[in-house]
Amino acid sequence: MTLSATREWDFSSEQGKANYKAAQRRYPAQAIVDLAALRDNMRHLVSVVGGPHSGTAVMGIVKADAYGHGLVPAALAALAGGATWLGTAQSHEALLLRKAGIGPDRCHILTWVYSGAEVPFDELVDNDIDISVGSLAGIDGVAAAARRLGKTVRVHVKVDSGFGRNGFTPAGFDAALAKLVPLAKEGVLHIVGQWSHLAVADAPDVPEFVASTDMQVETFKDFTRRMEAAGIPPEIRHLANTAATLSRPEIHFELTRPGIGLYGYEADPAMGTPSTYSLKPAMTLQAQLGTVKDVEAGHGISYGRTYLTPSDTSTAIVPLGYADGIHRSASGFDMEGAKHVTKPGGPVRVMTSEGPRLYRV
Ligand SMILES: *Cc1c(COP(=O)(O)O)cnc(C)c1O
């Protein structure tokens with residue numbers, strides 16, 4: 001008899017079912033991404049901002065291979081759920097989305113991280129990708145590409161409202177405006193957006209952090225006023241990550257940028273659990289137990305011998321280790337300097353003859 005704690009998966013195609021069977025033959029553990037859950041999470045996030053006609057659009061953040069869920073399938077699931085924008089940190093991933101056939105008629109794509117001379121500005125412009133500008137050098141680079149290609153480039157002006165990462169500071173903004181205004185007038189740049197990122201929107205339980213987010217919002221609004229006064233008002237403003245999309249409707253503006261919520265999680269456990277927000281984790285890690293055997297009392301289990309069997313014991317191996325990405329800190333031990341200390345190990349749900357039970361590594 002085989003006991004399994006994994007759920008029965010429904011597949012929308014025979015191919016999906018065959019892929020799953022092949023994965024189980026090849027590896028004793030599988031990371032399964034439920035694309036329907038991704039789509040439903042996006043559908044929910046779109047409803048949170050008031051639906052498709054609310055005046056607030058939603059950008060699915062699919063950076064870093066869609067938080068490990070697979071760039072292109074996750075992007076398509078986000079679009080199926082009602083996202084009308086996609087965002088990637090790295091420009092390479094924005095280009096991959098276009099190469100996969102997600103054209104400018106389908107959605108806008110914004111990218112924001114680039115460095116030094118190795119920026120594929122021409123390719124980005126050629127592929128109708130919106131580009132963030134948050135430095136004077138960035139403005140120059142984008143403008144040069146626009147002139148080379150004879151094309152007006154859609155840009156989003158990144159402002160540092162307090163995060164301390166990229167973007168113009170309040171003190172450096174006049175210099176940015178002095179560059180942006182003539183380029184906009186000339187039609188080299190189309191100033192689409194003004195945007196910024198929040199540092200602590202996921203800590204609604206810490207008054208000091210709530211106040212800090214309030215300050216970021218005020219600073220963000222100051223930047224908007226300065227763009228308006230300079231004659232380049234942003235068409236859309238975007239500030240909200242998942243945490244603010246879920247908890248601060250007053251700053252949804254014209255666009256929000258959820259990432260972790262798309263994948264089915266709340267931004268921080270302090271905010272509750274996924275179900276608090278009607279989100280469903282899209283990834284499941286499962287494994288088929290290997291080597292079930294009996295050992296005597298006092299037998300050390302695995303690295304560090306931090307667990308010694310208190311009596312004669314049955315053991316079963318979950319065939320995943322640190323080479324697979326399960327860090328050793330998930331075990332019931334840690335180091336304080338050179339000293340071993342014990343702590344609860346990571347949770348593992350195992351099917352037993354008495355039903356599913358939670359164990360700790
Ligand atoms: C990653 C990222 C997001 C998404 O943040 P989540 O907390 O995952 O929702 C939004 N905006 C920017 C600029 C990001 O880098």
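Order of listing sets the numbers, starting from 1, for every ligand and every atom in it. Along the sequence shown, residues carry numbers from 1.
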Visitor: Under 4.0 Å from a heavy atom of P258: which atoms of ligand 1 are those, numbered in the order shown and with their elements?
Guide: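 Answer for ligand 1: 9 (O).
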
Visitor: Is any N or O atom of G259, backbone or side chain, closer than 3.5 Å to an N or O atom of ligand 1?
Guide: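 Right, the criterion is met.
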
Visitor: Among R148, K99, R98, which one satisfies salt bridge (charged side-chain N to carboxylate O under 4.0 Å, His left out) with E123?
Guide: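 Of all the options given, the one that passes is K99.
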
Visitor: What part of R257 sits under 4.0 Å from ligand 1 if we count only heavy atoms: the side chain, the backbone, both or neither?
Guide: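 The part of R257 near ligand 1 is both the backbone and the side chain.
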
Visitor: Write out the residue and atom name of the closest protein heavy atom to atom 12 (C) of ligand 1, then the distance separating them to 0.1 Å.
Guide: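 For atom 12 (C) of ligand 1, the nearest protein heavy atom comes out as H197 CE1, 3.4 Å.
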
Visitor: Do W85 and V72 share a hydrophobic cluster, counting only Ile, Leu, Val, Met, Phe, Trp and Tyr and linking them when any side-chain heavy atoms are less than 4.5 Å apart?
Guide: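 Linked, W85 and V72 end up in one cluster.
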
Visitor: If you count the atoms of ligand 1 from 1 in the order shown, which ones are under 4.0 Å from a heavy atom of N241?
Guide: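 Counting atoms of ligand 1 from 1, those under 4.0 Å from N241 are 5 (O), 7 (O), 9 (O).
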
Visitor: Does R165 approach ligand 1 within less than 4.0 angstrom via side chain, backbone, both or neither, non-hydrogen atoms only?
Guide: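 Side chain only; the backbone of R165 stays clear of ligand 1.
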
Visitor: Does only the side chain of W195 get under 4.0 Å from ligand 1, or the backbone, or both, or neither? Count heavy atoms.
Guide: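 For W195, the contact with ligand 1 is made by the side chain alone.
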
Visitor: Provide, to 0.1 Å, the distance between atom 8 (O) of ligand 1 and the closest protein heavy atom, together with that atom's residue and name.
Guide: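 Of every protein heavy atom, Y67 OH, 2.6 Å lies nearest to atom 8 (O) of ligand 1.
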
Visitor: Please state which protein non-hydrogen atom is closest to atom 15 (O) of ligand 1 and give its distance, to 0.1 Å?
Guide: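 So the nearest neighbour among protein heavy atoms is K63 NZ, 2.7 Å.
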
Visitor: In the protein, which heavy atom is nearest to atom 9 (O) of ligand 1, and how far is it?
Guide: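 For atom 9 (O) of ligand 1, the nearest protein heavy atom comes out as T242 OG1, 2.5 Å.
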
Visitor: Kindly work out whether a path of hydrophobic side-chain contacts (I/L/V/M/F/W/Y, heavy atoms less than 4.5 Å apart) joins F220 to F163.
Guide: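 No, because F220 and F163 fall into different hydrophobic clusters, even though each may have its own neighbours under 4.5 Å.
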
Visitor: Give a yes-or-no answer on whether the side chains of T276 and T273 include a donor-acceptor pair shorter than 3.5 Å.
Guide: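 Result is yes, a qualifying pair exists.
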
Visitor: For the residue pair S314 and V292, establish whether any side-chain heavy-atom pair is separated by less than 4.5 Å.
Guide: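 Answer no - side chains too far apart.
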
Visitor: Please could you name the atoms of ligand 1 that I260 approaches to less than 4.0 Å, counting only its heavy atoms?
Guide: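 That gives atoms 6 (P), 8 (O), 9 (O) of ligand 1.
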
Visitor: For the aromatic rings, using the six-membered ring if either is Trp, is the centroid distance between F223 and F168 under 6.0 Å?
Guide: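 No - the distance between ring centres of F223 and F168 does not fall below the 6.0 Å cut-off.
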
Visitor: Between V188 and V181, is there shared hydrophobic-cluster membership here, with clusters defined by ILVMFWY side-chain heavy atoms closer than 4.5 Å?
Guide: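 Yes, V188 connects to V181 through the hydrophobic network.
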
Visitor: Using salt bridge (Lys or Arg N to Asp or Glu O under 4.0 Å), reason through D174 and R226 one step at a time and then give a plain yes or no.
Guide: CA-CA 9 Å; D174 279 340; R226 289 172 71 180; 3.1 Å; yes

